[in-house]
Amino acid sequence: MKMSKLFVQTLREFPSDAEVVSHKFLVKAGYIRKLTSGVYNYLPLMWRVLKKVENIVREEMDNAGAQELLMPFVQPKELWEESGRWEVYGRELMRLKDRHDREMCLGPTHEEIITAIARDGLKSYKQLPVNLYQIQSKFRDEVRPRFGLLRGREFIMKDAYSFSTSQEDLEKEYDNMAKAYKKIFDRCGLPTKMVQSDSGAIGGSVSHEFMVITDTDAGENDVFYCDDCDYAANSNHAISNLPSAKIDGAEFGLNEYKVVDTPNMKTIDEVCAFLGVDPTVLCKSLVYIADKEPVIALIRGDKQVEETKLMNAVGAIDIRIATPEEIEELMIKNGFNAKAGFIGPMGMKDVKIVADNTVKELKNFVIGANENDKHKVGVNLDMLPEVQFEDIRLVQAGELCPQCGKPLKVTRGIEVGNIFQLGTKYSQPMNAVYMDVDGKAKPYIMGCYGIGISRTAAAAVEAHYDDWGIKWPISIAPYHVVVVPVSTKDELQMKVAQEAYEKLLAAGIEAVIDDRDERPGVKFKDADLIGFPFRITVGKSIQNGNVEFVVRETGSKEEMAPEKAVEYVISHVREALKH
RNA sequence: CGGGAUGUGGCGCAGCUUGGUAGCGCACCUCGCUUGGGACGAGGGGGUCGCACGUUCAAAUCGUGUCAUCCCGACCA
């Protein structure tokens, strides 16, 4: 490809609306252009990258025994009503009507469609197991699209769905997919962690996410992991053992139940300082609104509530912290009249109470008195109304690994893929069944497996860049090498550059020759920004028979004969593309 | 959906307070000069100032409304 003809417009400055590095560089280097919020044009360079990611995914999925198909982007309401998700999916589902006023939606995911396909085509246990996948644009009307390609509304996704006759077979396929995913991300040059996670709106029981760990703040998930064993989990699912702590109020002299004055002490810190106790003997009461119903969450004073866990504990699909007004309203409903900061569980009858397991251990603890400027001390569990014990605690770094007991660490991660064991969540309500050996109709045991293609490409930028631009891994770079004649007016330079370029092409290397009549600085800046893994510069030293061979990743520069530079590129690229 | 901000050629911005008919840098076109890290000079093209209504002799500028975009919080590949 001639640089003069390549459809790319590099910018001198970052776009003003970009925050994270992948967004900034992909726009500045001319890979993408925003069309509207969360929707991007993939320009030729980007499309080459995306096709490479797709092809890696396709090869590994095919190797793993899955079969590719393509489902429609527009889907009818009826199927979504069968699964029950038309009602629960929410505003993220982009709904529209056709000319006959029939309701449709843009596909945010394809469980409904694939399940309908399966029940038409997979009638017998003899046909199972099967894994079907597609690579396609998805649309989710995100409340807040951001971070460029990392959280678009329209994005490219690989989604796979497996159909099995037993949990054992499902688990086998689940492991098979986990292995394929590892290979895929390795081939894309992305170090990932496979972490346990909540299964969220898609549903099901077991699920894992593949996280790219980067030092940029583009990661939207906290991942807790252990250096000493393989434990790793999303914060919405992580568990830990706690180091020992003072959890008996008697250690602070609170061995007797009484109501004490705590004037204006509303926060945990204020109360602890005033009473002279550690927060570990407090029992915090937090009020949440779960699907419009108030819920009181109890947790030890030094710990935080993990909202996803709480949401799952009460079986809600939406949860938020209550406002002070809502809290006071709840107290009035239960016969109390106090400010929000003094709410406590004692005497609460007309509300659901979920207590974290940390509360189970507490003795002679402190709670709000449901009375202004007062707390109760020396409280024990038998004095509280009936509560539901659950793990609703947000893990903190330094707590102990549930597998090996070593301290856990935390890091940010970008979720590029996930795998779910769905079970019969879709096959059951949609009556998607096969005939088993015993002649009985049974619902498929399903799994689903997603990879964000466009997100993976953006995550690669987050993981590989420097001040000057992108440093693509060779496997997904739009081109492998750029040949730069310093002066296009110099006949010798042009001749050598042209020859090198043609040899590279002949060897199957994806090469660009920068034939623009620009000053060298411009060409070098563009080369670094766009992120060609290799550069061959043909300049003055060609008079001594040398060109410069530059490796983008390391920045190393070396003078050598043109033939040798060409050989280097060919061998490096071939080596990198082996798998 | 709550909170904050911004809309002026392709990109980045100034002008708005104090209304007078739009400007700068980059990019683009032409010519000259230059060629190892975003040169320089001369000339040129491109914007009904997000949109609508209003105030006014006159609106990018003032008022009202509306739309869009971005940032901070709850969802997700």
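Values reported hereafter were calculated over all heavy atoms of this structure, with side chains retained and with hydrogens, waters and symmetry mates removed.
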K.L.:
Taking only Lys NZ, Arg NE, NH1 and NH2, and the carboxylate oxygens of Asp or Glu, determine whether A:E60 and A:K158 approach each other closer than 4.0 Å.
P.N.:
no
K.L.:
Assess whether a salt bridge exists between A:D141 and A:R95, defined as any Lys/Arg side-chain N lying under 4.0 Å from an Asp/Glu carboxylate O.
P.N.:
no
K.L.:
What's the gap between B:C28 and B:C11 when it is taken at their P atoms, as a whole Å value?
P.N.:
15 Å
K.L.:
Taking atom P in both B:U66 and B:G23, what distance in whole Å separates the two?
P.N.:
34 Å
K.L.:
Among B:C11, B:A77, B:C75, find the nucleotide with the atom closest to the side chain of A:F420.
P.N.:
B:A77
K.L.:
Does A:R12 place a side-chain N or O at less than 4.0 Å from the phosphate oxygens OP1/OP2 of B:A27?
P.N.:
yes
K.L.:
A:D514 and A:Y501: side-chain donor and acceptor closer than 3.5 Å?
P.N.:
no
K.L.:
If you measure from the P atom in B:A60 to the same atom in B:U48, how many Å do you get, rounded?
P.N.:
12 Å
K.L.:
Tell me whether A:D528 is salt-bridged to A:R535, with the criterion being a basic N under 4.0 Å from an acidic carboxylate O.
P.N.:
yes
K.L.:
Answer with yes or no whether the side chains of A:S162 and A:Y449 bring together a donor and an acceptor at under 3.5 Å.
P.N.:
yes
K.L.:
Side chain of A:P15, heavy atoms from C-beta onward: which of B:G37, B:G12, B:C75 has the nearest atom to it?
P.N.:
B:G12
K.L.:
Quick one: on RNA chain B, does A:G452 or A:I319 contact a more 5' nucleotide (nearest heavy atom)?
P.N.:
A:I319
K.L.:
Under 4.0 Å between any heavy atoms, over every strand shown, what does A:V416 touch: base, sugar-phosphate, or nothing? Just pick one.
P.N.:
sugar-phosphate
K.L.:
Can you check whether A:E68 reaches A:M61 side chain to side chain, under 4.5 Å on heavy atoms?
P.N.:
no
K.L.:
Please tabulate, one pair per line, each protein N/O and nucleotide N/O from nucleotides 32-36 of chain B that are separated by under 3.5 Å, including the distance.
P.N.:
residue	atom	partner	partner atom	Å
B:U34	O2'	A:R519	NH1	3.0
B:U34	O2	A:R519	NH1	3.2
B:U34	O4	A:K489	NZ	3.4
B:U35	O2	A:E518	O	3.3
B:U35	O4	A:K489	NZ	3.0
B:U35	O4	A:D517	OD1	3.2
B:G36	OP2	A:K540	NZ	2.9
B:G36	O6	A:G539	N	3.2
B:G36	N2	A:E548	OE1	2.3
B:G36	N2	A:E548	OE2	2.9

K.L.:
When the C1' atoms of B:C1 and B:C75 are compared, how many Å lie between them, rounded to an integer?
P.N.:
12 Å
K.L.:
With a non-hydrogen cut-off below 4.0 angstrom, is A:E13 in contact with a base, only sugar-phosphate, or nothing?
P.N.:
base
K.L.:
Both distances below 3.5 Å, Watson-Crick or wobble geometry, any strand: find the nucleotide opposite B:C26.
P.N.:
B:G10
K.L.:
Please name the nucleotide paired to B:C49 by Watson-Crick or G-U wobble geometry with both distances under 3.5 Å, or report none.
P.N.:
none
K.L.:
Begin with the C-alpha distance, continue with both residues' side-chain angles, and end with the deciding distance and a verdict on side-chain contact (heavy atoms from CB on, under 4.5 Å) for A:R151 and A:E142.
P.N.:
CA-CA 8 Å; A:R151 175 165 304 279; A:E142 296 277 349; 3.3 Å; yes
K.L.:
Name the closest nucleotide to the A:V522 side chain, picking from B:G37, B:G38, B:A77.
P.N.:
B:G38
K.L.:
Pick the P atom in B:G25 and in B:G41, then give their distance to the nearest Å.
P.N.:
10 Å
K.L.:
Provide the distance between the two P atoms, one in B:C72 and one in B:C26, to the nearest whole Å.
P.N.:
32 Å
K.L.:
As a quick check of understanding, evaluate side-chain contact (heavy atoms from CB on, under 4.5 Å) for A:D356 and A:L298, giving each step before the final call.
P.N.:
CA-CA 6 Å; A:D356 181 66; A:L298 301 181; over 6 Å; no
K.L.:
Provide the distance between the two P atoms, one in B:A39 and one in B:A58, to the nearest whole Å.
P.N.:
49 Å
K.L.:
Please classify the nucleic acid contact of A:D159 as base, sugar-phosphate, or nothing, using heavy-atom distances under 4.0 Å.
P.N.:
nothing
K.L.:
Return the polar atom pairs (N/O with N/O) between nucleotides 69-71 of chain B and the protein under 3.5 Å, or none.
P.N.:
residue	atom	partner	partner atom	Å
B:U69	OP1	A:T36	OG1	2.9
B:U69	OP1	A:S37	N	3.1
B:U69	O3'	A:K34	NZ	3.0
B:C70	OP1	A:K34	NZ	3.4
B:C70	OP2	A:S37	OG	2.9

K.L.:
When the C1' atoms of B:C71 and B:U35 are compared, how many Å lie between them, rounded to an integer?
P.N.:
43 Å
K.L.:
Looking only at N and O atoms, is any donor in the side chain of A:R140 or the base of B:C75 less than 3.5 Å from an acceptor on the other one?
P.N.:
no
K.L.:
Is A:R552 paired with A:D466 through a side-chain N to carboxylate O contact shorter than 4.0 Å?
P.N.:
yes
K.L.:
Identify whether the distance between the nearest side-chain nitrogen and carboxylate oxygen of A:E111 and A:K425 falls below 4.0 Å.
P.N.:
no
K.L.:
Using heavy atoms to find the nearest nucleotide of RNA chain B for A:G152 and A:F14 separately, return the residue whose nucleotide is more 5′.
P.N.:
A:F14
